[in-house]
2 protein chains.
Amino acid sequence: MTDQLAPQPEQDPSSNAAAGAWDGIAERLRAGGLRWTPQRRTLVEVLRACKGHVTATELIGLCRERDATTTPSTVYRTLDVLEEFGLVKHGHGHDGREEYHVLPEQIHGHLYCEACGAVWEIRPETGAVIVAALEADLGFVIDLSHVTMAGRCEGCRD
Amino acid sequence: MTDQLAPQPEQDPSSNAAAGAWDGIAERLRAGGLRWTPQRRTLVEVLRACKGHVTATELIGLCRERDATTTPSTVYRTLDVLEEFGLVKHGHGHDGREEYHVLPEQIHGHLYCEACGAVWEIRPETGAVIVAALEADLGFVIDLSHVTMAGRCEGCRD
DNA sequence: CTTGCTATTGCAAGAGGTTGCGCTAGGCTT
DNA sequence: AAGCCTAGCGCAACCTCTTGCAATAGCAAG
């Protein structure tokens, strides 16, 4: 189950780009009748320092480093709120566990190799082909980043 | 979160086709040094009566109807064994929960509409396009049936 | 039929995630 | 500066799934 051995793995060039996207949150929350609490502040600080993908468990761990009193339910609920504001987006890894995409700039899908455990990114052009195929078929517009598809990478198919 | 409202939902024409595929299991298990136990018998009886897809939770419930002493860990472990024999195949629903495909005759993917909750099947031809696109891109061979992709169906995209 | 090896079982504990509920405390109003 | 309304918090309980371990029971051999 070891990860990140892929020949062409997770590239994150403009990682924490648009870091300023977080700037107005306190105000944006209040504008919607929501509140800016210490717990939310902690989670947002953690997320600002994240690039790409994080699992919910990792986020809870990181929050606890800053505030040992962090409770899981609060983190999950805050993530739901942030998702409504478009600041994070949740998905499911190959095993169904939750993982969050921070600042989903460029939507891309993921492939998990069941044999070597590596995770690959689907190139945007290929993703576009997939999305187009489904739209042509059923008129369905999919969110390619919601799930990690499983299979076998080039080097692992017997 | 109600399901099965799709205009073109889950069709299962030859549902429990190849029901005979279950016939030799006891012997096949023994041939591999494994054992035929009452618990496995119960689960297989339940599976024989299933068509298409079932969640792990549903299976545990159905087993308990036949044998109230059924324990979850045994069911999960038996499902793993049956999967190695190709009799079932596990995947993950849109929310990451496990679901099993019984007698995976024709591999097909699923789409979940986040708005209306309906589940749609991806037509084999469309699935082939998707698989081909990924193979051409990265040489990756995916298992389209492992996950349920999420998005919005024709009637639900604003 | 009895014996013995070991695959399986059931239990208990634990990890990840969700939910209902009473109390706390943001933050707008006066 | 004080008060009120209610969003959000922490807790406890529950659900799904996994894993380690000791005891049980298939089943093949004698």
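Here is the naming used below: chain letters follow the sequence lines, and residue numbers restart at 1 for every chain. Note that the coordinates shown come from a computational prediction; the quantities given were computed from them, not determined experimentally.
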* **Near-strand residues of residues 61-89 of chain B, defined as heavy-atom separation under 4.0 angstrom from DNA chain D** => B:Ser73, B:Tyr76, B:Arg77
* Asked: For residues 60-70 of chain B, which residue pairs qualify under salt bridge (Lys or Arg N to Asp or Glu O under 4.0 Å), counting only residues two or more places apart or in two chains?
  -> B:Glu45-B:Arg66
* For B:Glu114, side-chain hydrogen bond (donor to acceptor under 3.5 Å, both in side chains) partners two or more places apart -> none
* **N/O donor-acceptor pair under 3.5 Å between A:Arg157 side chain and B:Gly139 backbone** => yes
* **Sequence-distant partners of A:Val147, side chain to side chain contact (heavy atoms under 4.5 Å, CB included), two or more places apart** => B:Val147, B:Met149
* To do: Could you note down all residue pairs passing salt bridge (Lys or Arg N to Asp or Glu O under 4.0 Å) where residues 81-97 of chain A supplies at least one of them, sequence neighbours left out?
  => A:Lys89-A:Asp143, A:Asp95-A:Arg97
* Structure fact -> To the nearest angstrom, the CD1-C1' distance between B:Ile60 and D:dT16 comes to 8 Å
* Dump the intermediate steps for ring-ring contact (aromatic ring centres under 6.0 Å, His included) on A:His53 and A:His108, then the final yes or no. => CA-CA 12 Å; A:His53 322 83; A:His108 60 264; 5.7 Å; yes
* To do: Determine to 10° how strongly the helix from C:dC1-D:dG30 to C:dT30-D:dA1 is bent, judged from the axes of its five-pair ends.
  => 10°
* To do: Output all residues satisfying side chain to side chain contact (heavy atoms under 4.5 Å, CB included) with A:Arg77, sequence neighbours left out; order by chain, then residue number.
  => A:Ser73
* **Whole angstrom value for the distance that separates C1' of D:dT16 from CG of B:Leu59** => 13 Å
* Using a strict cut-off of less than 4.0 Å between a Lys/Arg side-chain nitrogen and an Asp/Glu carboxylate oxygen, indicate whether A:Asp23 and A:Arg48 qualify as a salt bridge. => yes
* Without hydrogens or angle criteria, can the side chains of B:His90 and B:His101 be said to hold a donor-acceptor pair below 3.5 Å? -> no
* Asked: When you measure from every atom of DNA chain C, which of residues 26-46 of chain B have a heavy atom less than 4.0 Å away?
  -> B:Gly33, B:Leu34, B:Arg35, B:Thr37, B:Gln39, B:Arg40
* Results of salt bridge (Lys or Arg N to Asp or Glu O under 4.0 Å) for A:Arg35 - residues two or more places apart only -> none
* Any donor-acceptor pair under 3.5 Å from B:Thr42 side chain to B:Pro38 backbone -> yes
* Which residues share a side chain to side chain contact (heavy atoms under 4.5 Å, CB included) with A:Ala132, sequence neighbours left out -> none
* **Contact boundaries on DNA chain C for chain A, cut-off under 4.0 Å to non-hydrogen atoms** => C:dG16 to C:dC28
* Quick one: side chain to side chain contact (heavy atoms under 4.5 Å, CB included) partners of A:Ala26, sequence neighbours excluded? -> A:Arg30, A:Trp36
